[in-house]
Peer 1: 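Once you've had a glance at the structure underneath, I'll fire off some questions.
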Amino acid sequence: MSKITLGTRVMFTSAVVRQAGHSARTANMRGDVLSIAGKVATVDCGDTFTSEDGRTVRSIPLANLAPARLPVAD
C-alpha cells in the first residue's frame, strides 16, 4: 500500500468502486489531498466528484483512497 500524504493525487480504491456498483462517477473521481486529520483526508475533487450542493472539497476516509494511477501512454 502506498502512503498518502499532503498533495498526493488520489482516487477511490477498487473496493469502493465495486461497492458503488462500478458507477462512472465514483470510478472517475480524482482529487488532491489538502489535509489529513487522523484517519480522514480532506480532498479537493474539483469537478470530478461534487456534492449535491456543489462543494468540491470532501472529507474522505483514508481507507477509501489510493494514489491515482497515471494514464497509460500509447
Side-chain angles (χ1 to χ4, degrees):
M1 182 174 137
S2 296
K3 185 169 172 100
I4 295 174
T5 59
L6 295 180
T8 301
R9 185 87 169 151
V10 293
M11 61 188 215
F12 282 123
T13 63
S14 57
V16 171
V17 174
R18 187 173 46 254
Q19 289 173 347
H22 298 280
S23 82
R25 180 174 182 260
T26 303
N28 293 330
M29 186 285 285
R30 299 291 185 275
D32 297 310
V33 175
L34 302 176
S35 67
I36 298 174
K39 296 181 180 184
V40 178
T42 302
V43 179
D44 183 355
C45 302
D47 61 357
T48 65
F49 199 72
T50 57
S51 67
E52 294 76 23
D53 61 358
R55 289 178 292 123
T56 61
V57 176
R58 314 279 298 253
S59 294
I60 303 172
L62 285 168
N64 292 349
L65 297 171
R69 296 183 298 267
L70 296 174
V72 177
D74 291 333

Peer 1: Does anything in residues 18-48 pair up under ring-ring contact (aromatic ring centres under 6.0 Å, His included), and if so which pairs, sequence neighbours excluded?
Peer 2: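 For residues 18-48, and leaving out neighbouring residues, there are no ring-ring contact (aromatic ring centres under 6.0 Å, His included) pairs at all.
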
Peer 1: Can any side-chain N or O of Arg30 pair as donor or acceptor with the backbone N or O of Ala68 at less than 3.5 Å?
Peer 2: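 Answer holds: no.
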
Peer 1: Suppose the criterion is salt bridge (Lys or Arg N to Asp or Glu O under 4.0 Å): which pairs have a residue in residues 39-49, not counting sequence neighbours?
Peer 2: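 For residues 39-49: none.
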
Peer 1: Cluster partners of Val40, using ILVMFWY side-chain heavy atoms under 4.5 angstrom, listed by chain and number?
Peer 2: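 Its cluster partners, ordered by chain and number, are none at all.
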
Peer 1: In the single-linkage hydrophobic clustering (I, L, V, M, F, W, Y; side-chain heavy atoms under 4.5 Å), do Met29 and Val57 co-cluster?
Peer 2: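 No: no chain of side-chain contacts under 4.5 Å links Met29 to Val57.
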
Peer 1: Who pairs with Asp53 by salt bridge (Lys or Arg N to Asp or Glu O under 4.0 Å), at least two apart in sequence or on another chain?
Peer 2: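 With sequence neighbours excluded, Asp53 shows a salt bridge (Lys or Arg N to Asp or Glu O under 4.0 Å) to Arg55, given in chain and number order.
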
Peer 1: The criterion is side-chain hydrogen bond (donor to acceptor under 3.5 Å, both in side chains); which residues satisfy it with Thr50, sequence neighbours excluded?
Peer 2: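 Applying side-chain hydrogen bond (donor to acceptor under 3.5 Å, both in side chains) to Thr50 gives none.
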
Peer 1: Would you call Gln19 and Asn64 a side-chain contact if the rule is heavy atoms closer than 4.5 Å?
Peer 2: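 With C-beta onward as the side chain, the pair stays apart.
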
Peer 1: Identify the heavy atoms of Cys45 and Ile60 that sit nearest to each other, and give their distance.
Peer 2: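 That closest heavy-atom pairing would be SG-CD1, 4.4 Å.
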
Peer 1: Enumerate the salt bridge (Lys or Arg N to Asp or Glu O under 4.0 Å) contacts for residues 15-26, please, sequence neighbours excluded, ordered by first and then second residue.
Peer 2: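 Listed by first then second residue: nothing to list.
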
Peer 1: Show the nearest heavy-atom pair for residues Thr26 and Ala20, with the distance to one decimal.
Peer 2: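 Thr26 and Ala20 have their closest heavy atoms at OG1-CB, 3.7 Å.
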
Peer 1: Identify all side-chain donor-acceptor contacts of residues 6-17 below 3.5 Å with residues at least two apart in sequence or on another chain.
Peer 2:
{"residue": "Thr8", "atom": "OG1", "partner": "Thr5", "partner atom": "N", "Å": "3.0"}
{"residue": "Thr8", "atom": "OG1", "partner": "Thr5", "partner atom": "O", "Å": "2.8"}
{"residue": "Thr8", "atom": "OG1", "partner": "Thr5", "partner atom": "OG1", "Å": "3.2"}
{"residue": "Arg9", "atom": "NH1", "partner": "Asp32", "partner atom": "OD1", "Å": "3.4"}
{"residue": "Arg9", "atom": "NH1", "partner": "Asp32", "partner atom": "OD2", "Å": "3.3"}
{"residue": "Thr13", "atom": "OG1", "partner": "Val16", "partner atom": "N", "Å": "3.3"}

Peer 1: If you round to the nearest 0.5 Å, how far is CD1 of Ile4 from CG of Leu65?
Peer 2: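 So the CG of Leu65 and the CD1 of Ile4 are separated by 5.0 Å.
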
Peer 1: Mind checking side-chain contact (heavy atoms from CB on, under 4.5 Å) for Asn28 and listing every partner two or more places apart, or none if nothing turns up?
Peer 2: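 By the side-chain contact (heavy atoms from CB on, under 4.5 Å) rule, Asn28 matches Ala24.
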
Peer 1: Can you sort out the partners of Ser59 under side-chain hydrogen bond (donor to acceptor under 3.5 Å, both in side chains), two or more places apart, ordered by chain and number?
Peer 2: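 side-chain hydrogen bond (donor to acceptor under 3.5 Å, both in side chains) check on Ser59 returns nothing, list empty.
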
